[in-house]
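Below is one structure, written out as structure tokens; the observations come after it.
Fair warning: this is a prediction, and the values are worked out from it, not measured in the lab. Values below: every heavy atom of this structure, side chains too, minus hydrogens, waters and symmetry copies. Quick note on labels: first sequence line is chain A, next is B, and so on, each numbered from 1.
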Number of protein chains: 2
Amino acid sequence: MTRKNADGGGRSTIRDVAARAGVSAATVSRVLGGVYPVSTATRTQVLRAVRELDYVADARAKAIAGAGTPTLGFVLDDITGPSFALMAHGVEREATRLGHLCLVCSTDGDAAHESDFIETMRAQRAAAVILVGGGADTPEYRSRTARFADALAAAGSRLVLCGRPPLDPGAPVTVIEYDNEGGAYALCAHVLSRGHRRILFLGGEPEHTTAQGRERGYLAAHHARGVEADPALRLAGDFTRDSGYRSMRRALETGLDFTAVMAATDMVAAGALTALREAGVDVPGEVSLVGYDDIPFARDLWPPLTTVRVPYEELGRLAVRTALRSAGVGDEHLLLGTHVVVRGSVGVVGGGVSSAG
Amino acid sequence: MTRKNADGGGRSTIRDVAARAGVSAATVSRVLGGVYPVSTATRTQVLRAVRELDYVADARAKAIAGAGTPTLGFVLDDITGPSFALMAHGVEREATRLGHLCLVCSTDGDAAHESDFIETMRAQRAAAVILVGGGADTPEYRSRTARFADALAAAGSRLVLCGRPPLDPGAPVTVIEYDNEGGAYALCAHVLSRGHRRILFLGGEPEHTTAQGRERGYLAAHHARGVEADPALRLAGDFTRDSGYRSMRRALETGLDFTAVMAATDMVAAGALTALREAGVDVPGEVSLVGYDDIPFARDLWPPLTTVRVPYEELGRLAVRTALRSAGVGDEHLLLGTHVVVRGSVGVVGGGVSSAG
DNA sequence: GTGAAAGCGCTAACAC
DNA sequence: GTGTTAGCGCTTTCAC
């Protein structure tokens, strides 16, 4: 059984085209390849054969022979989260703009998946692999990731951490992050400045780097104001709407004492808001609420959510640009700024109701 | 300058490993390949060499030689939309579960990008390419897409339409869609049943298949009730929050007469809701509002949004499963059901306020 | 069990 | 300008 078929199958090879055009495979390669000198007559012949056979060169073969489209791998927790999606979009757009292909994989927070995928990207000889979003920061994680970074670097590739803090210095990684802690600090300072002293923190998984950064900002702001942060006011969870809803209900049932809540993400804030409303608590009249991320509909909640703006898409774009540039060894580190967006969900303690800006 | 390096670079080839282990390349291939009979001694040698060299086989070379991980391409408008993200997640999860790699590309609604990418996937010899979400339904689109379907099929691959209506019958495509029109019909019927007679429809781009389907449902429901649908009540836009906000403002400024609004998506509804609120219009007291998609935070809006539930993630999963199964020629068509989720954003005309369910 | 050799589909010297 | 000849890094007969 032969593989060749002369009619319009996609399975035809460069030799089929050559045969049909009455030239050599090399010539076909040349006309297809671009600007190599080929006579107009042959070029026409070849192009006709290509069209008739509906020939498309095998990219894998090209790649292995030296030409070929470079590929970029990116892995994220869950494309479903709005902020992840924004970063992914930035990565994808910039990559295709630069003529790269994109391989994706979502890990659902599973570190083993992450390892597997990095290995796969290595096998694909990806020009860079981008880890999008925070992750669990354990010692195992750090050493494993550092190993990957080395392996990738040794192969002329590159590991990029996008929205995740650097590994130990010296590891050949590119990191593009935003000022997670700084944003949380500013946000919490804003809430404190309105007189709140007992602020419930609805956090993420304890080892998640993003959650940690935001909690550090929360703590630092308290410290700077000389306000003691009651540990009982810090609840763990994850970054989903449902987690926010559940945590808030629990806090309410437990009879926790607080006048404001700072949610780790806008999604968490959305869930918390609903729980608050169901309990008949007025926001921001009785309890103030802030989120983090400034996702598109943060302004569509009622009251419009005060939150922290993060340049997620920019982050993704920069990640690929920087990765592709800094192909050499050495680590690179970019830190993007954030800013708080004041809307109407924070009230003055014991005072008026709204603080829209 | 030689490519080989004996130390732990990722650039080592199977021959480097063979040399170091004192065996032939074929043997290395065999121990790595799986269950071919190899003596324990050699196996150990080889594995040690692999480890020392940190060798990872080149997936492209494998692919071209016959082995290799199958790849799946998927293209969507914009990963940033919640429903797209859900489908993408389903696709990605199922694909990696089945041991496939995923190549992505977002087109930002540009048909040319779509064509380019399908061509690229053909070059990659993807096992299937999945078009996620609706698109502009023009004659050019239909013929172009049918051509791609043929080309892919001829090459043993497959075109899958996920959340998009079929092409002309006979085209070798797999389509997994949901009952877009049916959902809109049920939703609109619900609104009509509450006494509304002038329902503003905040649609999408006129040629977008999803927008069209939803509009058809809207129209059909009117027709079934014998209510005339005023064309002036149908506004075009896109599926973003901002589009909803702008359209709603315009409708309000124009002094359009309506008692309910049916938004093409929940995102559109979110924007519309804010515009309504800013204009001091009570929802659902004065105007009722419904969306479509049932994205996670639809329930976090105030009032909680009545909408249509679509099994997006399931859609994505089914797309890859079906695609990979129906590798032969012939078209396959799955239609998933939807259902309306009644929450609190629809009121009875001239009557009470809420209709939470 | 293992090696030598052929070949996957392509590109890139090197000839003429 | 164009054909011939080597590879690219791997798998897979086919011998031994």
Query raised in the report: Mind checking what makes side-chain hydrogen bond (donor to acceptor under 3.5 Å, both in side chains) contact with B:Ser83, not counting sequence neighbours?
Result: none

Query - Estimated bend of the helix from C:dG1-D:dC16 to C:dC16-D:dG1 (axis per five terminal pairs, rounded to 10 degrees) - result: 40°

Requested in this report: Pick out which of B:Thr44, B:Thr42, B:Val46, B:Val17 makes a side chain to side chain contact (heavy atoms under 4.5 Å, CB included) with B:Val31.
Outcome: B:Val46

Query - Distance in angstrom units between B:Asp58 CG and C:dG9 P, rounded - result: 17 Å

Requested in this report: Could you pull out all residues at least two apart from B:Asp58 that satisfy salt bridge (Lys or Arg N to Asp or Glu O under 4.0 Å)?
Outcome: A:Arg125, B:Arg60

**Report entry** Those residues that, when tested against B:Tyr312, pass ring-ring contact (aromatic ring centres under 6.0 Å, His included) (two or more places apart)
**Finding:** B:Tyr178

Query - Protein-nucleotide distance (B:Arg11, atom CZ; D:dC8, atom C1'), rounded to Å - result: 12 Å

Query raised in the report: Within the pair A:Thr13 and C:dG9, is there a side-chain N or O less than 4.0 Å away from OP1 or OP2?
Result: no

Requested in this report: Report the residues that fulfil side-chain hydrogen bond (donor to acceptor under 3.5 Å, both in side chains) with A:Asp110, sequence neighbours left out, ordered by chain and then residue number.
Outcome: none

Without placing hydrogens or testing angles, list every side-chain donor-acceptor pair under 3.5 Å for residues 126-134 of chain A, not counting sequence neighbours.
none

Query raised in the report: Please give, in whole Å, the distance from D:dG9 C1' to A:Arg60 CZ?
Result: 14 Å

Query raised in the report: Does A:Arg147 have any salt bridge (Lys or Arg N to Asp or Glu O under 4.0 Å) partners at least two apart in sequence or in another chain, and if so, which?
Result: none

Requested in this report: Please identify each residue that fulfils side-chain hydrogen bond (donor to acceptor under 3.5 Å, both in side chains) with B:Glu92, with sequence neighbours left out.
Outcome: A:Ser106

Query raised in the report: Ion pair present between A:Arg11 and A:Asp16, side-chain N to carboxylate O less than 4.0 angstrom?
Result: no

Report task. Calculate the interatomic distance between A:Arg15 atom CZ and C:dT11 atom P; express it in whole Å. Result -> 11 Å

Query raised in the report: Phosphate oxygens OP1/OP2 of C:dG1: is one of them under 4.0 Å from a side-chain N or O of B:Thr42?
Result: no

Report summary line: Given protein heavy atoms under 4.0 Å, the one-letter contact record of nucleotides 11-16 of chain D, with B base, S sugar-phosphate only and - none, is simply SBB---

Query - Nearest-angstrom distance from the residue atom CD of A:Gln124 to P of D:dG9 - result: 16 Å

**Report entry** Nearest-neighbour nucleotide for the A:Ser39 side chain, D:dG9, C:dT2, D:dG1 considered
**Finding:** D:dG1

